[in-house]
Amino acid sequence: MNTITRTRLISTTALALLGAGLPAKTVFAQTADAPIVLAPIVVTGTKRPQDDAKLPVATTILDQSNVPPATLDPITEIARQSPGTNFLDFGRFGESYMTMRGLSTLGTAMNSLDSVIGISVDGVPTTLSGIGAPILDMERVEVLKGPQGTTFGRNAFAGAINIVSKPADGTRETILSSELGSDGHAFLEGTTGGWLLENVLAGRGTLRFQNYDGDVPNPITGQKEGGAQLGAGKASVRYTPDDTLTIDLSGGFSKETRHNSAFVWLESPNFPESGADVRPDNRQQVANGSLKVAKEFEPFTLTSTTSYQDVKIHNKGDFTDAFIFSRITGLPPAYFNDHNTEKVDLNDRERVFNQEVRLNSNEGSTIQWVAGASYFRSDYTSYRIQNAGIYAPTMNGTFDNRIESQTVAAFADASAPLGQGFNLSGGLRVAHDRQKLDALYVSNGFPGTLPAFQQDNTFSDTYVTGRMALSYEWNDRAMSYVSLARGYSSGGFEKTTSYAGYGLVTEAFLPATSWTYEIGTKAEINDRLRVSGAIFYNDVKDGQVVGFDTNTSLPFMTNQNFESYGIEANVDATLAEGLELTVGGALIGSRLVDVSATSLGLGALPGNEVPQVPGFSANVGLSYRFLADAVGLPGEITLSGTYQYVGTRYADIQNAAKMDDYHILNAEIGWEKDNFRIYAFGRNLLDERPLSYAFTYPALMPGGASGTTAYFGRGRVVGIGTSVRW
């Protein structure tokens with residue numbers, strides 16, 4: 001696709017968005033004797049089931065057609081199809097994070113809880129340690145925009161993502177799916193469910209295995225990087241002894257190994273090409289379980305949710321890619337090919353416990369409400385052996401750190417009709433955070449470091465978050481709303497204690513707070529068209545910044561005020577029988593304000609853009625289903641394609657490295673008959689290499705020259721797949 005064609009496609013998308021407005025993902029219902037109509041969407045992420053069409057929150061609802069089970073990057077798929085959302089993939093487990101609506105951590109995550117988006121699976125929260133875990137047996141993904149701290153708790157600063165699994169509800173089905181494709185892509189998944197004891201005990205389970213050989217050549221090791229191997233399983237049971245009591249017990253386990261490239265020379269004529277002298281080794285193991293008990297009483301429903309998650313992470317790699325370091329030093333690449341030096345070995349573990357008890361109003365009550373209390377605890381340990389050689393002392397030595405975090409909270413949320421089409425809704429959450437750091441540093445003999453340094457520190461804060469919205473129903477199919485929300489991102493301690501080698505105590509970073517103002521509309525134009533849109537403004541104080549100064553090879557940490565504003569738009573439509581269209585997009589502006597002395601000293605200027613925020617992003621999906629007798633076959637033919645565009649964005653608060661925009665084009669053609677399906681697919685057909693992060697090294701020696709190093713995504717994958725159910 002040439003530049004002119006891309007520009008036309010982007011322009012057409014933008015015009016469609018401006019003229020049509022913004023959609024949540026639409027589900028269309030049809031029977032043999034009835035016309036196509038829009039089926040209602042129920043959102044459960046707010047802890048009280050609500051009709052999305054009446055919910056005064058901008059949302060995007062996705063299903064398996066948007067996030068296919070075989071994707072190795074489910075969070076990336078969610079982000080690209082949620083207007084205004086971006087996923088920053090560092091390639092190493094536990095370090096990636098998301099941005100939304102121009103809200104970001106402004107650098108790298110300070111610890112596993114330093115996220116601006118609350119992420120949960122079936123209402124159970126997870127952290128950045130578990131953000132890369134596979135999504136099994138998913139029914140839908142609910143993306144809620146704007147601060148969601150009332151019901152999601154700490155760090156739902158920009159919004160929230162609630163992943164909803166298919167329940168063990170007695171539905172009898174068995175599904176076997178498989179794929180084979182280029183670069184060793186292989187996928188096999190089996191799911192089965194049904195009654196174990198008729199109308200009393202139901203069960204459901206899923207197993208998945210995946211492989212990908214990788215697509216990044218490394219002439220030094222002779223191996224390919226970027227590969228992945230995954231094994232995962234999930235099981236759930238539901239006990240319903242009577243009509244008033246439901247007990248859900250579920251558990252899952254996944255083990256994944258990836259070999260993701262890092263610090264690759266972006267300007268290389270052979271990009272992407274890795275110059276690491278060892279194959280990167282990134283591993284994540286996640287075990288989790290939850291127990292949910294719901295009991296209906298006459299005035300309300302009592303729900304208790306208990307969950308536990310154990311995440312183990314191992315990341316090992318070469319932090320001196322031979323090609324980029326040859327570039328910036330002028331030394332030959334072989335100089336950096338020592339298997340025993342310039343390595344970083346990280347072993348992290350996080351155990352998360354969460355307990356929530358809440359009361360919900362019964363369905364049909366005039367005033368809908370939820371009230372409850374929760375307890376959250378995270379025990380995070382990090383053991384890092386760093387031997388980065390030519391780097392500063394902050395990248396050398398052994399770091400043995402533990403961060404213990406606890407949050408106790410009470411919350412309430414309600415909505416009530418005011419009459420004449422007006423509705424008032426709002427909620428509050430009162431919470432107390434406490435975080436404790438215990439850290440030990442032992443030198444590896446790097447010049448300028450202390451032999452050892454031990455420290456401990458604590459941070460605590462009590463705060464209130466909340467929201468208020470006033471909505472007006474123009475008729476049964478259209479509503480508008482205005483809302484005000486308070487966001488909060490917890491303070492605490494930076495996990496690396498980078499300056500321990502100098503004997504400097506790691507001080508707590510400040511919490512970030514925000515006010516978000518929003519105006520939005522949701523409407524069903526007719527039986528085949530649903531649109532929605534929102535305009536927003538975010539005012540953020542003490543945004544959390546951690547980054548790497550390439551001029552000094554030292555990390556830095558500070559807090560910085562910023563603001564963001566923009567417009568989102570989505571539309572879902574059935575253009576003809578079997579022909580469906582989805583369009584979404586966001587225009588976002590952002591800037592640093594009241595630039596602090598620390599930020600200014602690092603090169604950040606007032607008006608600089610917030611890092612990792614695309615100014616424009618868009619997604620278009622088109623699918624068509626028709627009888628196969630047109631080509632002489634029984635059954636049906638299916639055609640689908642998606643286009644995703646992510647605009648230019650900066651990698652740092654200095655706005656030194658501007659990353660190119662990119663385009664992702666996916667396509668699929670299939671044949672279905674009864675319970676059997678076969679299809680051919682192409683993912684990332686343009687073979688783009690989307691950049692997640694980039695920074696420029698200055699020349700380190702007289703014979704060197706500046707060079708940019710980057711983290712980037714997977715290239716093109718094509719193949720075939722089958723699915724059978726009975």
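Residue numbers count from 1 along this sequence.
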Does any non-hydrogen side-chain atom of R358 lie less than 4.5 Å from one of F411? yes
Classify the ring geometry of Y565 against Y537: parallel below 30°, tilted from 30° to 60°, perpendicular beyond 60°. parallel
Have S96 and D89 got a donor and an acceptor in their side chains that come within less than 3.5 Å? yes
For Y97, give me all partners under ring pair (Phe, Tyr, Trp, His ring centres under 6.0 Å), at least two apart in sequence or on another chain. none
Between S489 and V116, is there a donor-acceptor pair closer than 3.5 Å when you use the side chain of the first and the backbone of the second? no
So, S129 side chain and V311 main chain: donor-acceptor pair closer than 3.5 Å or not? no
Donor-acceptor check, side chain of N66 to backbone of D63, threshold 3.5 angstrom: yes or no? yes
More than 12 foreign heavy atoms under 6.0 Å from CG of D476: is that the case here? no
Are the side chains of F157 and V540 in contact, using a 4.5 Å heavy-atom criterion? yes
Side-chain donor-acceptor pair present, Q435, S405, cut-off under 3.5 Å: yes
Within the distance-only criterion (no hydrogens, no angle test), does the side chain of N288 pair as donor or acceptor with the backbone N or O of Q309 below 3.5 angstrom? no
Worked verdict on E518 versus K145 for salt bridge (Lys or Arg N to Asp or Glu O under 4.0 Å): CA-CA 10 Å; E518 182 173 333; K145 312 292 183 63; over 6 Å; no
If we ignore hydrogens and angles and just use 3.5 Å, is the side chain of N162 paired with the main-chain N or O of E142 as donor and acceptor? no
Applying ring pair (Phe, Tyr, Trp, His ring centres under 6.0 Å), can you list everything that pairs with F422, at least two apart in sequence or on another chain? Y472
Flag if over 12 foreign heavy atoms under 6.0 Å of CZ, R591: no
Please check: side-chain N/O of T71 versus main-chain N/O of D73, any donor-acceptor pairing under 3.5 Å? yes
Tell me, do L62 and S82 make a side-chain contact under 4.5 Å, heavy atoms counted? yes
With side chains defined as the heavy atoms from C-beta onward, is the minimum distance between L103 and F562 less than 4.5 Å? yes
Treating N559 as the side-chain partner and A512 as the backbone partner, does any N or O pair qualify as donor plus acceptor under 3.5 Å? no
For a quick test of reading the model, state the closest non-hydrogen atom pair linking R101 to I588 and the distance between them. CA-CD1, 3.8 Å
Are the side chain of Q148 and the backbone of G146 linked by a donor-acceptor contact shorter than 3.5 Å? yes
Would you check if N199 and T240 make a side-chain contact, meaning some heavy-atom pair closer than 4.5 Å? no
Are the side chain of N360 and the backbone N or O of K47 linked by a donor-acceptor pair below 3.5 Å? yes
